[in-house]
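Note that this is a predicted model, so its numbers are computed, not measured.
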Amino acid sequence: MRGSVRLLTKRYNSSSSVCPAAVESAAHAKVDSEPRPYAQVPGPKPIPLLGNTWRLLPLIGQYQISDLAKVSKILYNEYGKIVKLSGLVGRPDLLFVYDAQEIEMMYRTETDAPHRPSMPCLVKYKSEVRKDFFGRLPGVVGVHGEPWREFRTKVQRPILRPAAVVQYIQPIEEVTNQFLDRMLQIRDEQDELPNDFDNDIHKWALECIGRIALDVRLGCLDPNLADDSEPMKIINGAKFALRNIALLELKFPFWRYVPTPLWGRYVKNMDYFIEICMKHIDKAQDRLQKKLDAGTPESEFSVVERILMSDPDPKLAYVLALDLILVGIDTISMAVCSVLYQLATRTDAQEKMYKELKKVLPTKDTPLTNNLLENMPYTRSFIKEVLRMYSTVIGNGRTLLEDKVICGYNIPKGVQLVFPTIVTGNMPEYVKDPDHFYPERWLKEHKADYYRHPFASLPYGFGVRMCLGRRFADLEMQILLAKLVRSYKLEYHHEPLEYKVTFMYAPEGPLRFKMTPRDD
């Protein structure tokens with residue numbers, strides 16, 4: 001432990017400053033004085049009865065939910081590298097940590113089953129409302145301890161093996177080609193996409209997730225969907241999740257004490273997603289049996305089929321599919337909204353990407369392969385740079401399982417730590433020229449010139465609780481950019497959009513991109 005602390009200190013002391021007690025805290029040793037008490041951690045002062053919850057209430061509150069990324073920066077500017085937000089009705093204290101070295105130390109010294117703060121409404125749904133369905137192993141999202149460890153152990157090998165991702169290149173390319181055709185069809189006479197184009201991005205994301213998590217094409221990209229069709233119900237359910245989860249999570253949690261109308265809709269929505277997962281997983285199980293009877297090579301089995309083969313109870317596949325859909329609906333679609341907006345407004349970067357793609361893909365119709373995707377370093381770096389400057393997830397976190405010393409303060413067990421990657425990824429002491437959008441900083445040949453602390457920008461988290469579907473998310477975004485930019489030019493000729501938080505961080509407003517075919 002102490003050896004690792006000395007290594008971290010040596011590695012970063014010459015190139016970044018830290019909060020005054022960071023090294024002392026990391027080593028759990030005293031230099032000039034004992035760690036200060038938790039009560040002295042700086043932060044907004046709570047008021048009687050309403051605590052700090054009032055700050056997010058309508059009319060009287062200081063902050064809007066949509067401005068949480070700005071709030072995170074405000075807290076850092078006003079209070080420094082460690083900030084306590086206490087007195088939150090129905091929630092434990094939040095402790096914002098803006099020191100990348102402390103964040104690294106927390107990640108590297110955590111247990112093999114860390115507690116990750118997650119959606120309270122999902123926890124209540126899984127552990128109380130539908131405990132009959134989820135039972136002893138309720139998945140990876142909103143679950144902790146041994147049940148989480150056992151579930152993840154069962155599913156991580158089929159879903160995280162590199163060959164599994166390669167297997168989905170052609171299916172995701174097929175979905176993306178249909179999406180590009182859809183984009184062409186919905187353009188107006190100025191070749192611009194409609195005001196509600198973000199809805200089509202959500203449909204594409206759902207179709208990709210369905211192909212992976214449910215082993216089926218859901219039909220979300222079909223142009224003439226009836227209101228009562230299954231794809232449209234799935235789309236509407238996803239819209240509800242995108243637009244209302246933040247209201248349940250971040251405002252006064254009345255639903256914890258009385259069944260509010262919004263909570264009732266949430267439960268109904270979740271029940272429907274369970275129904276969809278069970279329906280399509282059961283069909284996948286039937287297809288698997290036919291493959292087994294026919295002697296199909298194991299290399300041709302999908303992720304879902306491998307999960308079903310690993311456990312005779314389909315419940316494992318049901319719950320995994322639900323978790324992948326829940327976390328994928330908002331994160332991927334919102335990330336793509338952000339990536340496309342940055343692509344359309346940064347013409348120089350788009351042209352660099354086009355030149356790379358033209359070299360790798362001789363024709364617009366060249367089918368994608370793993371080797372071709374590996375030869376697109378600038379395209380991958382562009383995605384990483386967007387997620388650094390405009391992280392879709394504004395912060396990661398952990399719930400302390402034991403008392404810790406952080407930034408020179410004694411922090412008690414049970415406090416929820418927040419690592420605001422949206423702020424630390426844009427701090428000059430951790431990223432060289434953070435305000436400069438420079439995808440090349442992620443390329444090996446530029447690593448020495450553009451210093452970045454490895455724990456400043458972690459859009460997928462770190463360690464054993466790192467995002468389970470991250471490889472698929474990266475694959476989907478890279479395929480979309482490769483197919484789009486190789487064949488079309490994307491522009492934006494309207495007022496700049498401001499980034500807001502719905503539940504994820506993304507540009508707010510119509511994505512009225514101009515989409516024109518390239519000549520070659």
How close do [X] and [Y] get, heavy atom to heavy atom, and via which atoms?
X	Y	answer
Leu75	Pro44	CD2-CG, 3.8 Å
Ile235	Cys220	CD1-O, 3.8 Å
Asp93	Gly87	OD1-N, 3.6 Å
Arg152	Val464	CZ-O, 3.0 Å
Pro147	Pro138	CB-CD, 4.2 Å
Ala113	Leu401	O-CD1, 4.1 Å

Close side-chain approach of [X] and [Y], heavy atoms under 4.5 Å:
X	Y	result
Phe462	Arg108	yes
Leu320	Phe151	yes
Trp204	Val336	yes
Tyr450	Leu443	no
Tyr168	Val303	yes
Asp474	Val165	no
Tyr505	Ser391	no
Asn396	Ile103	no

Counting distance only, does the side-chain N/O of [X] pair as donor-acceptor with the main-chain N or O of [Y] below 3.5 Å?
X	Y	answer
Asn195	Pro510	no
Asn410	Val405	no
Asp99	Cys407	no
Asp311	Ile307	no
Tyr98	Ser72	yes
Glu508	Glu498	no
Gln416	Gly397	no
Thr260	Trp255	no

Distance in Å, [X] [atom1] paired with [Y] [atom2], rounded so as to fall on 0.5 Å steps:
X	Y	atom1	atom2	answer
Met477	Ile172	CE	CD1	12.0 Å
His453	Thr424	NE2	OG1	9.5 Å
Ser457	Tyr430	OG	OH	13.5 Å
Lys84	Tyr409	NZ	OH	9.5 Å
Leu343	Phe382	CG	CZ	4.5 Å
Ile159	Gln156	CD1	CD	10.5 Å

Salt-bridge contact Glu150-Arg136 (side-chain N to carboxylate O under 4.0 Å): yes
SB check Lys126 Asp323 (cutoff 4.0 Å): yes
Check against side chain to side chain contact (heavy atoms under 4.5 Å, CB included), His115 and Arg465: CA-CA 9 Å; His115 283 216; Arg465 295 216 67 146; 5.7 Å; no
Exceeds 12 heavy-atom contacts within 6.0 angstrom, atom CZ of Arg161: yes
Enclosure of Glu445 CD (heavy-atom neighbours >12, cutoff 6.0 Å): yes
Worked check of salt bridge (Lys or Arg N to Asp or Glu O under 4.0 Å) between Glu102 and Lys81: CA-CA 10 Å; Glu102 290 280 3; Lys81 290 285 188 72; over 6 Å; no
Trace of the side chain to side chain contact (heavy atoms under 4.5 Å, CB included) decision for Leu262 with Tyr266: CA-CA 6 Å; Leu262 186 60; Tyr266 173 81; 5.9 Å; no
Donor on one side chain, acceptor on other, Ser338 and Tyr499, under 3.5 Å: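 Note: Ser338 and Tyr499 side chains meet the donor-acceptor criterion.
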Side chain to side chain contact (heavy atoms under 4.5 Å, CB included) involving Cys277 - partner list, sequence neighbours excluded: Leu214, Ala321, Leu322, Ile325
Candidate pair Gln342 and Thr345, rule side chain to side chain contact (heavy atoms under 4.5 Å, CB included), full reasoning: CA-CA 5 Å; Gln342 295 303 321; Thr345 55; 4.2 Å; yes
Ring centroid separation Phe273 to Tyr318 under 6.0 Å: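 When the ring centroids of Phe273 and Tyr318 are compared, they turn out to be at least 6.0 Å apart.
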ring-ring contact (aromatic ring centres under 6.0 Å, His included) between Tyr79 and Phe96, worked out: CA-CA 10 Å; Tyr79 300 102; Phe96 291 78; over 10 Å; no
Aromatic ring pairing Phe455/Tyr107, orientation class (parallel under 30°, perpendicular over 60°, tilted between): tilted
Tyr451 six-ring centre to Lys432 NZ/CZ under 6.0 Å and within 45° of normal: no
Within 45° cone and under 6.0 Å: Lys315 NZ/CZ vs Phe133 ring: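 Satisfied, under 6.0 Å and within 45°.
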From CA spacing to verdict: side chain to side chain contact (heavy atoms under 4.5 Å, CB included), Leu481, Leu340: CA-CA 8 Å; Leu481 287 186; Leu340 294 186; 4.1 Å; yes
With sequence neighbours excluded, residues passing side chain to side chain donor-acceptor pair (under 3.5 Å) with Glu385: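 Once residues adjacent in sequence are excluded, the partners of Glu385 under the side chain to side chain donor-acceptor pair (under 3.5 Å) criterion are Arg388, Arg441, Trp442.
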Any residue meeting side chain to side chain donor-acceptor pair (under 3.5 Å) with Tyr341, in chain and number order, not counting sequence neighbours: none
Pairs where [range] contributes a residue and the test salt bridge (charged side-chain N to carboxylate O under 4.0 Å, His left out) is met, not counting sequence neighbours:
range	answer
residues 137-149	Asp112-Arg149, Glu146-Arg149
residues 256-275	Arg130-Asp271
residues 391-402	Glu110-Arg398, Glu402-Lys404

